[in-house]
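All values reported here derive from a predicted model rather than from experimental measurement.
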Amino acid sequence: MTKKTFEKYKAVIDQWFVNGFNGAEAYRTLYPKAKRADDSFSKIQRIPEVKGYIKEKQNEAKKKLRTTHEVLLEELENWAYSDITETILLSPEQIKELPEEMRRLISKYKLTSKSYKDGDKVVTETFVELSFVSKEKAMEMIHKHTGFYEKDNTQKSTNITMFEIPNNGRSKKD
């Protein structure tokens with residue numbers, strides 16, 4: 001592999017990190033006429049020098065974010081075992097006062113006001129609609145990080161063992 005080719009492959013990997021890890025899209029950014037961008041990306045990803053570059057980028061990200069498997073698993077555990085009933089009927093001010101670990105679970109926030117007449121008074125009610133991170137996704141990520149699926153994956157192995165059937169003394173012509 002030439003230095004120029006390696007530089008292009010590094011640019012593809014950089015794009016992959018930026019675009020949310022869509023390999024085909026990252027490949028097409030530098031090779032727009034590619035017909036099988038997903039296959040091509042998969043091939044370059046297996047090249048030892050490219051693997052090293054990916055590892056290097058991951059290590060840089062770890063250092064910058066000060067993250068470890070332990071920190072990640074701790075946060076995922078918070079997601080998986082959180083009790084969102086603690087947020088029912090809270091006002092926007094009360095939501096702001098929630099512990100940081102609970103606020104980090106909120107992925108979307110919608111504030112709606114509705115006014116209506118009650119006799120001579122106008123009453124305004126405010127509703128807060130919260131969406132939370134996925135508990136299922138958190139559990140899936142925990143299982144991947146802890147090797148929970150490893151046994152299942154090895155059972156799906158494509159290795160086929162062939163057994164020779166004894167011919168009981170008969171020749172192949174029989």
Out of curiosity, Tyr109 OH to Arg103 CZ, how far, rounded to the nearest 0.5 Å?
12.5 Å
Is it the case that atom CD in Glu60 sees more than 12 heavy atoms from other parts of the structure closer than 6.0 Å?
yes
Is the backbone N or O of Glu101 less than 3.5 Å from a side-chain atom of Asn78, with the two atoms forming a donor-acceptor pair by type?
yes
To the nearest 0.5 Å, tell me how far Glu7 CD sits from Lys4 NZ.
11.5 Å
Taking Leu98 as the starting point, is it possible to reach Tyr81 by hopping between hydrophobic residues whose side chains are less than 4.5 Å apart?
yes
Side-chain donor/acceptor of Lys135 to backbone N/O of Ala80, under 3.5 Å
yes
Heavy-atom pair with the smallest gap, counting every atom of Ala37 and Ala24
CB-O, 3.5 Å
Heavy-atom closest pair (Leu130 atom, Val128 atom, distance to 0.1 Å) is CD2-CG1, 3.8 Å
Any Met139 side-chain heavy atom under 4.5 Å of Ile142 side chain
yes
If the plane angle is over 60° it's perpendicular, under 30° parallel, otherwise tilted; pick one for Phe17 and Phe21.
perpendicular
Taking C-beta and beyond as the side chain, do Thr87 and Ile95 meet within less than 4.5 Å on heavy atoms?
no
Decide yes or no for Ile44 and Phe6: does some side-chain heavy atom of the first lie under 4.5 Å from some side-chain heavy atom of the second?
no
Write down the atom of Ser115, the atom of Thr124, and the distance for their closest heavy-atom approach.
OG-OG1, 2.9 Å
If only atom types and distance count, is the side chain of Ser40 paired as donor or acceptor with the main-chain N or O of Arg36 below 3.5 Å?
yes
Donor-acceptor pair, Ser131 side chain versus Ser107 backbone, under 3.5 Å?
no
I'd like to check Glu49 versus Tyr9 (side-chain heavy atoms, cut-off strictly below 4.5 Å). Are they in contact?
no
Apply side-chain contact (heavy atoms from CB on, under 4.5 Å) to residues Thr29 and Val12 and explain how you reach the verdict.
CA-CA 7 Å; Thr29 302; Val12 170; over 6 Å; no
Arg28 and Phe41: side-chain contact (heavy atoms from CB on, under 4.5 Å), yes or no, with the steps?
CA-CA 9 Å; Arg28 270 191 228 99; Phe41 179 79; over 6 Å; no
Rounded to the nearest 0.5 Å, what separates atom CH2 in Trp16 from atom CD in Gln45?
4.5 Å
Distance col, row Lys55:NZ vs Lys57:NZ, nearest 0.5 angstrom, shows 14.5 Å
Mind checking whether Leu30 and Val18 sit in one hydrophobic cluster, side chains of I, L, V, M, F, W, Y counted as touching below 4.5 Å?
no
Is the shortest heavy-atom distance from the side chain of Val71 to the side chain of Glu74 under 4.5 Å?
no
Once rounded to the nearest 0.5 Å, what's the spacing between atom CZ of Phe132 and atom CD1 of Ile106?
5.0 Å
Grab the two heavy atoms, one from Met102 and one from Asp83, that are nearest each other, plus how far apart they are.
CE-O, 3.0 Å
What are the two closest heavy atoms between Gln94 and Leu90, and how far apart are they?
OE1-CA, 3.3 Å
Checking side-chain polar atoms at under 3.5 Å, does Tyr53 have a donor or acceptor matched by the opposite partner on Asp14?
yes
If you round to the nearest 0.5 Å, how far is OH of Tyr27 from CG of Asp39?
10.5 Å
